[in-house]
Amino acid sequence: MAIRDNIERLKKQVPAGVTIIAVSKTHPVDLIMEAHTAGHRVFGENKAQEMQKKHEQLPADIEWHMIGHMQTNKVKYIAPFVRLIHSVDSLHLLQEIDKRAKQNERVIDCLLQIFIASEETKFGFSFDEAERLLASDELKSLEHVRITGLMGMATNTRDENRIRGEFHGLKGFFDHLRTAHPGLDILSMGMSSDYRIAIEEGSTMIRVGSLIFGSRSYE
């Protein structure tokens, strides 16, 4: 089925107010252009240099999101243009983003990645660590980053009750934080396999790749 049809079908399933990020990682620019021609503008990548190359080749109105684990030495590649970094998991990374944003005379929006899964391969702050960071003087000293919400990845499992519980817990924490930090308005959770559950549990942003582009079957 055509990418345009996939996008239209997905939009019918997603409520107003939920942003769809088309996860374009590993996909070539011609497929991203198909999605762009169909009217989609928000794309997610997980490697900084791949995003940089695509940014240079594709229309300037694309809104690029970094959704993958971010290494500090890669921030420089995306700092001039990235719209939102979802995967902030340390103060050190935030400090590097702030440094590179200042060099580019920008303020870069970021989400704190929260560890909610049972898999050690995933990254993120604990609830306590995130709360301490948001209240810290170190964060207040960073003038070129803005924390606009949270991101979380559920356990890779077929157990929907477990997935729902993890998303539910993150939404509860998000609501708790917003009492002291009203500027938090993005909750990024849910991918192709679990976005319906994520939306039911309060996600405002989903990261969907295969449902738009299909499985990667090319070199």
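Note that this is a predicted model, so its numbers are computed, not measured. Sequential numbering from 1 along the given sequence is applied to the chain's residues.
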Hey, could you give me the [atom1]/[atom2] distance between [X] and [Y], rounded to the nearest 0.5 Å?
X      : Y      : atom1 : atom2 : result
Ile62  : His40  : CD1   : NE2   : 9.5 Å
Arg162 : Asn156 : CZ    : CG    : 11.0 Å
Ile78  : Ile97  : CD1   : CD1   : 7.5 Å
Met70  : Lys47  : CE    : NZ    : 12.5 Å
Ile199 : Met205 : CD1   : CE    : 12.0 Å
Ile21  : Leu84  : CD1   : CG    : 7.0 Å

With sequence neighbours excluded, residues passing side-chain contact (heavy atoms from CB on, under 4.5 Å) with Ala154: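 Per chain and number, Ala154 pairs via side-chain contact (heavy atoms from CB on, under 4.5 Å) with Ile163, Glu166, Phe167, Asp194.
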
Is [X] linked to [Y] within one hydrophobic cluster, defined over Ile, Leu, Val, Met, Phe, Trp and Tyr using a side-chain heavy-atom separation of less than 4.5 Å?
X      : Y      : value
Met153 : Val208 : no
Leu31  : Leu10  : yes
Phe173 : Leu133 : yes
Leu150 : Ile197 : yes
Ile116 : Met191 : no

Sidechain N-carboxylate O distance under 4.0 Å for Glu63, Arg83: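 Salt bridge present between Glu63 and Arg83.
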
Ion pair check, Asp5 and Arg9, cut-off under 4.0 Å: no

Salt bridge (Lys or Arg N to Asp or Glu O under 4.0 Å) between Asp175 and Lys171, intermediate numbers included: CA-CA 6 Å; Asp175 290 341; Lys171 176 58 161 62; 2.8 Å; yes

Evaluate Met151 against Leu112 for side chain to side chain contact (heavy atoms under 4.5 Å, CB included), listing each step before the verdict. CA-CA 6 Å; Met151 185 270 267; Leu112 299 183; over 6 Å; no

Do any N or O atoms from the side chain of [X] and from the backbone of [Y] form a donor-acceptor pair under 3.5 angstrom?
X      : Y      : answer
Asn6   : Ile212 : yes
Arg4   : Thr37  : yes
Glu45  : Val23  : no
Ser203 : Met189 : yes
Arg132 : Phe127 : no
Ser90  : Leu93  : yes
Lys54  : Ser24  : yes
Glu50  : Thr26  : yes
Arg41  : Asp61  : no
Arg207 : Ser188 : yes

Locate the shortest heavy-atom distance separating [X] from [Y]; write the atom from each residue and the value.
X      : Y      : answer
Phe125 : Leu91  : CZ-N, 4.2 Å
Ala198 : Gly190 : CB-CA, 3.5 Å
Glu129 : Ser126 : OE1-N, 2.9 Å

Within the structure provided, determine whether [X] and [Y] are in side-chain contact (heavy-atom separation under 4.5 Å).
X      : Y      : answer
Arg146 : Ile108 : no
Asn46  : His69  : no
Tyr195 : Leu211 : yes
Ile147 : Leu139 : yes
Met33  : Pro59  : yes
Ile20  : Val42  : no
Cys110 : Leu94  : yes

Verify the distance criterion only: is there a donor paired with an acceptor across the side chains of His144 and Asn104 at less than 3.5 Å?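 Short answer, no.
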
Assess the side chains of Asn161 and Arg164: does a donor N or O sit below 3.5 Å from an acceptor N or O?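 Looking only at side-chain atoms, Arg164 and Asn161 do not form any donor-acceptor pair under 3.5 Å.
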
Parallel, tilted or perpendicular: ring planes of Phe213 versus Phe43, cut at 30 and 60 degrees: tilted

Tell me whether the count of non-hydrogen atoms from other residues, nucleotides or ligands lying under 6.0 Å of [atom1] in [X] goes above 12.
X      : atom1 : answer
Lys11  : NZ    : yes
Glu160 : CD    : no
Glu143 : CD    : no

Please identify each residue that fulfils side chain to side chain donor-acceptor pair (under 3.5 Å) with His181, with sequence neighbours left out.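 With sequence neighbours excluded, His181 shows a side chain to side chain donor-acceptor pair (under 3.5 Å) to no residue whatsoever.
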
Run Trp64 and Phe81 through side chain to side chain contact (heavy atoms under 4.5 Å, CB included) and show every step you take. CA-CA 8 Å; Trp64 292 103; Phe81 64 89; 3.9 Å; yes

Before giving the answer on side chain to side chain contact (heavy atoms under 4.5 Å, CB included), spell out for Leu184 and Thr148 the whole-Å C-alpha distance, their side-chain angles and the decisive distance to 0.1 Å. CA-CA 5 Å; Leu184 303 178; Thr148 58; 5.8 Å; no

What's the verdict on side chain to side chain contact (heavy atoms under 4.5 Å, CB included) for Val82 and Arg106, showing C-alpha distance, side-chain angles and the deciding distance? CA-CA 10 Å; Val82 67; Arg106 304 185 62 209; 4.1 Å; yes

ring-ring contact (aromatic ring centres under 6.0 Å, His included) partners of residues 83-103, not counting sequence neighbours, each pair once: His65-His86

